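The figures that follow rest on heavy atoms only: side chains count, while hydrogens, waters and symmetry mates do not. The structure presented is a predicted model; accordingly, all values stated were derived computationally and were not measured. A note on names: the letters A, B, ... follow the listed sequences, proteins ahead of strands, and every chain is numbered from 1.
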Number of protein chains: 2
Amino acid sequence: MSDRVTISQVAEEAGVSAMTVSNVLNGRPGASEETRRRVLDAAERLGYQPNLSARNLKAGRTGLIGVMTLDLTGQYGLEIVRGIADELASDEREMLISATYQEAVRELERTQFLARGLVDGVLMVAPALEDATLEALRRKNLPCVVIDPRRTDASLPRVTVDNYGGTRQAAEHLLELGHTRIAYIKGIADLESSELRYKGFHDALRLAGVDLDERLVAESDFTYTQGFRITSALIAEHRPTALMAGGDLIALGAVDAARACGLRVPDDLSVVGFDDLPQAAQTFPALTTVRQPLHDMGKLGTRMLLSLIDGRPLLMENMQMPTDLIVRGTTAPPADALPAAGEEDECATPSHGDDQ
Amino acid sequence: MSDRVTISQVAEEAGVSAMTVSNVLNGRPGASEETRRRVLDAAERLGYQPNLSARNLKAGRTGLIGVMTLDLTGQYGLEIVRGIADELASDEREMLISATYQEAVRELERTQFLARGLVDGVLMVAPALEDATLEALRRKNLPCVVIDPRRTDASLPRVTVDNYGGTRQAAEHLLELGHTRIAYIKGIADLESSELRYKGFHDALRLAGVDLDERLVAESDFTYTQGFRITSALIAEHRPTALMAGGDLIALGAVDAARACGLRVPDDLSVVGFDDLPQAAQTFPALTTVRQPLHDMGKLGTRMLLSLIDGRPLLMENMQMPTDLIVRGTTAPPADALPAAGEEDECATPSHGDDQ
DNA sequence: CTGTTAGCGCATTCAG
DNA sequence: CTGAATGCGCTAACAG
């Protein structure tokens, strides 16, 4: 068990009362220079540091922020968490991370735990946000901000991103390059963001008068593995000249699938991702993708939460952040003459372990 | 501010004393069925949940574990953190993550903060562990376990990994394939693990009677970017047939560099990484690498810490975990006839943003 | 300038 | 079976 030095021990050591020690240590006026020195001395000697549980109990606040995240597996949530950490670092606050492992039940349970006075507020990253969880938050009147919610119908302050605009811009980029046979691999279907991204792509094509071939559209679970498999199948069956993915991992799988099929990227197949994860810049050729300002989303959400906690008004309940198309090395005009479809249709299968 | 329901409110609502409420809710005997029901009812109605600061103050423990990690950027530390989270999930404990951003000062500061009764113990992942920090831990008598320390001279219980054996086995694999011109890119020089890894490589070659060409050895900062740059240079100048890296990111950069130089992996250049990060399996060809059981290291460290906290004896102060060579797609025998060194020595530079 | 009193919310001790 | 007193460590309000 951790040893504790209490304020009264310091008081005794310094030959003053506990109150005086408290005053001195908290920089409050009203202590002679002489006393002050004696107290600081004693505190230093004993290695005293105020116990936080006691202080929290007294103050009714803890200086801790709870962060609920799907899991700690993916770079996606992680980049947001980094933003949160960076913003908090300048604010004398600590971050308590709870992983929900995609389970709504666990999300509720963890929220209730945090709401027991452990944290002053909660940031939820891409939460399931079931009604029971919302109710629990409301009951406790616990400040909460949602970053990238799966649904936007919950009436909580939130940070979202311009999913629609992102894919639309990306699709326009491909259209300008001259592509018309553009495949699209969606992310997980029941996320609102997945639908919005697809819609942006869809609208861009329609507005350009390009027919959308339904056979070039597929769904996935956001993983590299599925990106690889689905792309292999698409190439073998329908030979798109470009492919857009609802997430970077899918896109990275697509690039490798193309390569495994003997196609060159971007010459034979252009690929565009979504997210701009660190990995996107760290491949060759580097991935053209739609950048979500994940780090800034974390920072902004944190600032909003801190406002709520301090009782300051929120400028906006729903902050939508812009997306940016980052053109790197995986997009180019379609090759005028496609290589004759030869025997290389037998796509290799990547020998990889687990997903994500 | 978060609304609070206290035990006395529940007591009043149920028409009993606070003590009875406490007894009922903590499952202690000594309450009539009738009373019990009334209490549970009232608690439910009011949404009562015991305040944690109060309970912690009383109990002298918090149920929280502090995790000090370099940063939240890399998959490396993250995999360990995941292991910690998974182990903790089954143990009614919460995890408080503090990022130190590689700064020893901040590491000390964060440690002191946590030691103020906020956590029952600390897990340090790859910490700088300066003397001041050690001293702070010792003074507070705060249970602490170190995972993958940069130096092993600190007298704290720790979880390490067989760095030496890992690279040695990997080097032997390359030697068996017939390679003799093997390059090596070290990780950050002042980590003990970097030295051990290099030593394993070095010894394997010496034991096999293979001359080590010093010009094929370089240092890096563990990043993809440096892996790419250094490999490009090595290929242009010295044409190794195989390359070992002190970390997977370096290796991934090396693979892409080879590709950018027009070499095929593994035909023209075999590459072996170290770590087995998730990305290693998610490329094509998938990376042959030395697997560190990062997840298990997190789990084991956590179990050790929980033992310390509960006052149970530790089986061993220093647990060394094994490494495993995972042979995937980036290693093969050297091509008998190397392609004539042509003009493709102009290696392309990857267009990527930031490091790591 | 410094000390005393009291209470944050809970749970342990001991009476009733 | 239940309740009243007590203290965990700290600090706000007041008194000296």
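Put simply, B:Asn51 has no side-chain N or O that comes within less than 4.0 Å of OP1 or OP2 on C:dC8. For the pair A:Asn26 and D:dT11, the criterion of a side-chain N or O lying under 4.0 Å from OP1 or OP2 is met. Contact between the side-chain N/O atoms of A:Arg55 and the OP1/OP2 oxygens of D:dG9 is not found at any separation under 4.0 Å. Between C:dG9 and A:Arg116, no contact under 4.0 Å exists linking OP1 or OP2 to a side-chain N or O. Residue A:Thr6 places no side-chain N or O under 4.0 Å from the OP1 or OP2 atom of D:dC8. Listed pair B:Thr20 / D:dG3 meets the phosphate criterion, a side-chain N or O lying under 4.0 Å from OP1 or OP2.
In terms of heavy atoms, B:Pro278 sits closest to B:Gln75 at CG-OE1, 3.8 Å. In this structure, B:Val5 and B:Leu46 approach most closely via the heavy-atom pair CG2-O, 3.4 Å.
Taking the charged nitrogens against the carboxylate oxygens, B:Arg38 and B:Glu13 have no contact shorter than 4.0 Å, which rules out a salt bridge. Contact check on B:Arg93 versus B:Asp120 returns a salt bridge, with a Lys/Arg side-chain nitrogen under 4.0 Å from an Asp/Glu carboxylate oxygen. Taking the charged nitrogens against the carboxylate oxygens, A:Glu317 and A:Arg158 have no contact shorter than 4.0 Å, which rules out a salt bridge.
Contact annotation for B:Thr35: backbone-only contact, meaning every heavy-atom pair under 4.0 Å involves sugar-phosphate atoms and none involves a base. Looking at heavy-atom distances under 4.0 Å, A:Arg28 makes contact with sugar-phosphate atoms alone, never a base.
At whole-Å resolution of the value, CG in B:Asn23 and C1' in C:dG9 are 15 Å apart. The CG atom of B:Asn56 sits 14 Å away from the P atom of D:dC10 (whole-angstrom rounding). Between the CE atom of B:Met19 and the P atom of D:dT2 there is a distance of 12 Å, given to the nearest Å. A straight line from CD of B:Gln49 to P of C:dG9 spans 15 Å, rounded to a whole angstrom. Protein atom CG of B:Leu57 is 12 Å distant from nucleotide atom P of C:dC10, rounded to whole Å. A straight line from CZ of A:Arg37 to P of C:dT2 spans 13 Å, rounded to a whole angstrom. Atom pair A:Leu46:CG and D:dG9:P shows a separation of 14 Å (rounding to whole Å applied). In this entry the distance linking CD of B:Glu12 with P of D:dA4 reads 13 Å, nearest Å.
The listed nucleotides are D:dT11, D:dC8, C:dA11; the one nearest the side chain of A:Ile7 is D:dT11. In the set D:dT11, D:dG3, C:dA11, D:dG3 carries the atom at the smallest distance from any side-chain atom of B:Val16. For B:Ser32, the side-chain atoms get nearest to D:dC1 when compared with the rest of C:dG9, D:dC10, D:dC1. The side chain of B:Lys58 sits closest to C:dC10 out of C:dT13, D:dT11, C:dC10.
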